[in-house]
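Notes follow once the structure below has been shown.
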Amino acid sequence: MAHAQSPNPDAFTAELPAVEAHIGYIEPGIDRAEVRIYPPDSGLEVVRPKIVDRAMTIRDARPAADRLSLDAYGFELRAHRSAFGDFYDEAAVRAHYYPEVERAVRDFAGAAAVIVFDHNVRSSVRAARGEPGVREPVDQAHNDYTEQSGPERQRAVLESAERADLANRHFAFVNLWRPIVGPILDTPLALCDARSVARGDLVPTDIHHFGEADLDEPRHTGHIYSLRHNPGHRWFFASEMQPGEALLLKCYDSRTDGRARFTPHTGFRNPACPSEFIPRESIEARTLVVFDALI
């Protein structure tokens with residue numbers, strides 16, 4: 001993944017079509033937050049910090065997809081058709097979709113190794129029916145890792161994969177997000193240009209995951225960043241995405257040489273959505289990307 005030189009963001013965005021929509025930001029004045037995620041069949045709602053909706057311009061990056069890069073913007077739009085189809089069978093996803101994602105991300109990112117370690121499937125319709133393992137699209141701007149949790153998760157993933165040989169190399173966490181059905185019209189994924197995010201915009205947020213066996217004590221606690229509103233944020237989406245496409249977004253990079261390191265993202269309600277549409281269904285695979293360069 002070569003370090004790309006960023007073009008003038010104003011020149012880039014001025015050419016693109018856009019929608020005016022609301023982005024869910026964390027309420028002002030919060031310096032540290034907490035999220036509590038319960039199993040979908042527990043009957044308990046996810047507990048999140050207070051969110052305020054801010055009207056933002058969200059530009060369609062599709063016409064300029066060839067100018068996007070993970071290192072400059074923090075995200076890319078790629079053509080990638082999956083040979084897999086049963087995205088609601090968790091065991092099948094892990095056995096057959098994970099290897100496909102590993103190959104794709106390795107090629108796209110120029111990585112020495114890629115490990116897929118987790119995934120989420122999202123559908124408001126299926127979640128409302130109580131289908132196991134399915135969640136609604138997220139409507140709060142966030143980044144999946146922090147300065148603290150990025151290295152912690154890297155160590156845990158390598159230990160689980162028994163790949164201690166990769167521990168001293170530079171790494172990144174890159175998610176591969178794709179529609180299961182298409183086109184996505186109602187709740188696209190919005191991505192914030194990493195160059196427009198100041199460090200003070202990122203609010204450390206403890207995220208507690210609870211299992212079916214114990215709804216009082218979390219089985220796992222991680223750390224993410226919630227996002228404070230900044231009028232300078234530059235938001236993008238890819239219009240009418242189809243299953244033969246994928247968004248790659250970089251949520252952490254161990255390199256600190258000026259390239260994108262954190263890419264906040266969220267679902268948003270598309271004001272241009274027609275009255276008749278196919279409700280969004282999507283899958284996001286989380287990968288650890290390891291590079292040749294030593295730390």
Side-chain angles (χ1 to χ4, degrees), residues 24 26 30 32-51 84 86-99 101-102 114-164 173-178 180 187 189 203-226 249 251-252 264-267 280-288:
I26 194 167
I30 298 177
R32 190 169 193 100
E34 180 183 77
V35 175
R36 300 168 69 88
I37 298 179
Y38 297 98
D41 57 357
S42 68
L44 298 175
E45 294 186 0
V46 174
V47 177
R48 299 188 183 277
K50 291 184 178 179
I51 300 301
F84 183 74
D86 195 1
F87 293 105
Y88 293 100
D89 183 329
E90 181 172 352
V93 168
R94 292 181 178 274
H96 302 293
Y97 185 58
Y98 278 23
V101 170
E102 288 178 358
V114 174
I115 301 170
V116 182
F117 59 90
D118 193 15
H119 73 279
N120 288 315
V121 287
R122 298 192 184 276
S123 164
S124 57
V125 174
R126 291 174 179 263
R129 292 202 298 254
E131 293 191 19
V134 182
R135 299 188 182 278
E136 294 187 355
V138 174
D139 59 358
Q140 175 193 348
H142 67 285
N143 188 78
D144 292 359
Y145 305 97
T146 68
E147 286 282 13
Q148 173 186 352
S149 65
E152 289 176 350
R153 179 56 68 92
Q154 179 242 19
R155 289 191 290 270
V157 170
L158 292 182
E159 180 179 355
S160 178
E162 299 182 344
R163 292 301 309 269
F173 285 105
V174 175
N175 297 352
L176 189 147
W177 186 98
R178 71 169 343 108
I180 293 174
T187 316
L189 185 68
V203 180
T205 302
D206 302 321
I207 181 165
H208 305 292
H209 297 269
F210 294 83
E212 290 83 354
D214 191 341
L215 298 177
D216 295 317
E217 292 293 328
R219 65 182 181 187
H220 170 71
T221 294
H223 311 281
I224 66 172
Y225 284 133
S226 298
L249 55 149
C251 296
Y252 179 88
H265 52 282
T266 180
R280 169 181 149 183
E281 297 181 45
S282 62
I283 181 168
E284 181 179 50
R286 295 177 175 173
T287 80
L288 171 64

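Along the sequence shown, residues carry numbers from 1.
By the 4.0 Å N-to-carboxylate-O rule, Asp206 lies close enough to Arg32 to be salt-bridged with it. Using a cut-off of 4.0 Å between Lys/Arg side-chain N and Asp/Glu carboxylate O, Glu159 and Arg155 are scored as not salt-bridged.
Leu215 and Pro39 get closest at one heavy-atom pair: CD2-CD, 3.7 Å. For Phe87 against Val121, the heavy-atom pair with the smallest separation is O-CG1, 3.4 Å. The shortest non-hydrogen separation linking Phe117 to Thr287 is CE2-C, 3.6 Å. Closest of all the heavy-atom pairs between Ile26 and Ile51 is CA-CD1, 3.9 Å. Trp177 and Ser282 get closest at one heavy-atom pair: CZ2-CB, 3.7 Å. What you find for Ser124 and Pro137 is that their closest heavy atoms are N-CD, 3.9 Å.
Tyr98 and His119 have perpendicular rings, their planes meeting at more than 60° on a 0 to 90° scale where under 30° would count as parallel. Using a 30° and 60° split on the angle between ring planes, Tyr145 and Phe173 fall in the parallel class, below 30°.
Although no hydrogens or angles enter the test, the distance criterion places a donor-acceptor pair under 3.5 Å between the side chain of Thr205 and the main chain of Val203. At distances below 3.5 Å, at least one donor-acceptor pair connects side-chain atoms of Glu102 with backbone N or O atoms of Val116. At distances below 3.5 Å, not a single donor-acceptor pair connects side-chain atoms of Thr146 with backbone N or O atoms of Tyr225. Remark: side-chain polar atoms of His209 are not paired, donor with acceptor, to backbone N or O of Arg36 under 3.5 angstrom. Asn143 places a side-chain N or O within donor-acceptor distance of the main-chain N or O of Cys251, the cut-off being under 3.5 Å.
In this structure, the side chains of Asp144 and His265 come closer than 4.5 Å at one or more pairs of heavy atoms. Under the 4.5 Å side-chain criterion, counting only non-hydrogen atoms from C-beta, Glu136 is not in contact with Val125. Using a 4.5 Å heavy-atom cutoff, the side chains of Tyr97 and Ile283 are in contact. Within the 4.5 Å cutoff, no side-chain heavy atoms of Ser226 are placed close to those of Arg48.
Distance CD1/Ile115 to CG/Leu158: 5.0 Å, rounded to 0.5 Å. Considering CZ of Arg135 and CD of Glu284, their distance stands at 12.5 Å, rounded to 0.5 Å. Atom NE2 of residue His208 and atom CZ of residue Arg219 lie 14.5 Å apart, to the nearest 0.5 angstrom. Distance CG/Leu288 to OG/Ser160: 11.5 Å, rounded to 0.5 Å. Of the inter-residue distances, the one linking Gln154 atom CD with Tyr252 atom OH reads 8.5 Å to the nearest 0.5 angstrom. Here the CG atom belonging to Leu189 is positioned 10.0 Å from the CZ atom belonging to Arg122, to the nearest 0.5 angstrom.
Residues passing the side-chain contact (heavy atoms from CB on, under 4.5 Å) test with Glu131, sequence neighbours excluded: Arg126, Arg129, Val134.
Only one option out of Val46, Leu44, Val47 pairs with Ile37 in a side-chain contact (heavy atoms from CB on, under 4.5 Å); it is Val46.
Heavy atoms from other residues, nucleotides or ligands lying under 6.0 Å from CD of Glu152 number more than 12.
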